[in-house]
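Worksheet for the structure shown next.
Owing to the predicted nature of the structure, the values given are computational and were not obtained by experimental measurement. Quick note on labels: first sequence line is chain A, next is B, and so on, each numbered from 1.
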2 protein chains.
Amino acid sequence: MVVGNKLGISKRNTTQRIYNKKEMSDFTTYVNKVSQLSKEAEEDLLPRLIPKSFRKGQVINTEGQICKKLFFIDKGLVKHYYHHKDRVFILRFFSETNFFTVLDSFTNQTPSQFITIALEDTETSSIDYADFDQLCRRHHTFETFSRKLFTMAAVVNLKRIKEMFDADATELYKEFINENPHLLQRISLGDTASYLGISQVTLSRIRSKK
Amino acid sequence: MVVGNKLGISKRNTTQRIYNKKEMSDFTTYVNKVSQLSKEAEEDLLPRLIPKSFRKGQVINTEGQICKKLFFIDKGLVKHYYHHKDRVFILRFFSETNFFTVLDSFTNQTPSQFITIALEDTETSSIDYADFDQLCRRHHTFETFSRKLFTMAAVVNLKRIKEMFDADATELYKEFINENPHLLQRISLGDTASYLGISQVTLSRIRSKK
DNA sequence: AATACTTTTTTACCTAAGTTAAAAAATCAT
DNA sequence: ATGATTTTTTAACTTAGGTAAAAAAGTATT
């Protein structure tokens, strides 16, 4: 296919800062929406949750680094991407009320090929791999949650393969704005192009035509 | 096995047939390779397995049809594809010692957008969705197997997205033959092209150049 | 062996999208 | 507000890969 956006170098950079004020996360609420936990599982989960905040531009997980956490986003936006031959490819954006992790890195505890950074100030609640693993072993209901969560991820990825296959650049863009109206104003044209696998120039042309 | 070679060939389009002589499938062996089942789970699983054979060219599951089974291939080859605007796109091939199903159709019991057909005479062992669901509920170890199986599917799909993004037609072909040397002789040029998302002509050109 | 499919290769031509470069517009920092 | 940086748009040119159609090679059927 060979697509993606040329890599540009940005000079604006904010430093990282961890929020000190702890607030309640919707992590468990959304776990239960995927699959209802038993009372015991929920009680075992709650004390393991770790609030973590990221500043806009801050790296959450980078290449070669093992992703040790499953995150839930309470607020904010994150991009999950990689470089290849001077191009940038964005695999996915994750925003509020969604779980995310680096799929293969987390599940196999192997180094990530991808980079995850915050596109906005982002508040998450996370659980460590070791805890995740324990909860899966101890609680059948938590294992069921995990199964459903990762099955959903597999289905989402399958859908993306299908889209990439049969849609041209214009169709890809239309589908994207259709399915992500809430993200449209929050993602730059360049990032949108990197997600769609087209050049920024092509996306600009598409936009101007409509 | 009853059917001889010549007889088998002449009987081109016979409908499906359940083997009368029951042979052991490797279904449980490979379940245990993914994740070790408890004794009880395995005993509960075994009687639910249904042997199913498909003739070359036979449709296993089609568009609009809910995929009601999780299959394990003991022998043979299957393609999983769809049509879009006069083109054919093959999402994946599945061959011996692999599990397969129509991911979203099976997990949500919704109509499939895809078609699955046998590319060779294929022997499978399968389990019904209702049984699968029961086993997941009853046995924590079976749920763990499912979680790992579908997580693997998600990872495979992610890898495919990455490949489609950053590889041109030639690279895609090289990666394909590298990773599927055992399939190369069994899949036609046309099907290979449909899998790579390129035209048959392009693939022919690539081949001749090397 | 002869006929008829089917699959693969080759050729000529065409189109969607990439590349480069530069200008215009929008955004941010002081 | 001012200048600096980043983002988006526009234009000219290039290219990878698509389409169609015909030739060649391979398989199957009588």
To the nearest angstrom, how far is B/Arg207 atom CZ from C/dT10 atom C1'? 14 Å
Can you tell me the distance, in whole Å, between the CG atom of A/Asp168 and the P atom of D/dG17? 16 Å
Tell me: CD of A/Gln185 to P of D/dT8, nearest whole Å? 12 Å
Whole Å only: how far is the CG atom of B/Leu172 from the P atom of D/dA16? 15 Å
NZ of A/Lys85 versus P of C/dT19: gap in Å, rounded? 12 Å
Do B/Arg160 and B/Tyr195 form a cation-pi contact, if we require the NZ or CZ to be under 6.0 Å from the six-membered ring centre and within 45 degrees of the ring's axis? yes
Between C1' on D/dG18 and CZ on A/Phe165, what's the gap in Å once rounded to a whole number? 16 Å
Under the criterion ring pair (Phe, Tyr, Trp, His ring centres under 6.0 Å), which of A/Phe72, A/Phe106, A/Phe145 is the partner of A/Phe132? A/Phe106
Members of residues 87-94 of chain B that approach DNA chain C, where some heavy atom sits under 4.0 Å away: none
Exactly one candidate in B/Arg186, B/Arg55, B/Lys75, B/Lys56 meets side-chain hydrogen bond (donor to acceptor under 3.5 Å, both in side chains) with B/Glu120; the answer is B/Arg186
Quick one: is A/Arg205 getting a side-chain N or O under 4.0 Å of the C/dA17 phosphate, OP1 or OP2? no
Taking the side chain as every heavy atom from C-beta outward, state whether B/Phe165 and A/Arg87 have any pair of such atoms under 4.5 Å apart. no
Find the distance B/Asp166:CG to C/dG18:P and express it as a whole number of Å. 15 Å
The single option from B/Phe27, B/Phe71, B/Phe94 that satisfies ring pair (Phe, Tyr, Trp, His ring centres under 6.0 Å) with B/Phe99 is B/Phe27
Hey, is the side chain of A/Ser204 poking within less than 4.0 Å of OP1 or OP2 on D/dT7, counting only N and O atoms? no
Polar contact flag, side-chain donor to acceptor under 3.5 angstrom, A/Glu42-A/Asn32: yes
Ionic contact status for A/Glu179 with A/Lys159, cut-off 4.0 Å: yes
With no hydrogens and no angle check, just 3.5 Å: does a side-chain donor-acceptor pair link A/Glu143 and B/Thr144? yes
Interface with DNA chain C, restricted to residues 188-202 of chain B and to heavy atoms under 4.0 Å: B/Ser188, B/Leu189, B/Gly190, B/Gln200, B/Val201
A/Ile206 CD1 to D/dT8 C1', straight-line distance once rounded to whole Å: 14 Å
A side-chain contact here means heavy atoms from C-beta on lying under 4.5 Å apart; do A/Ile117 and A/Tyr81 qualify? yes
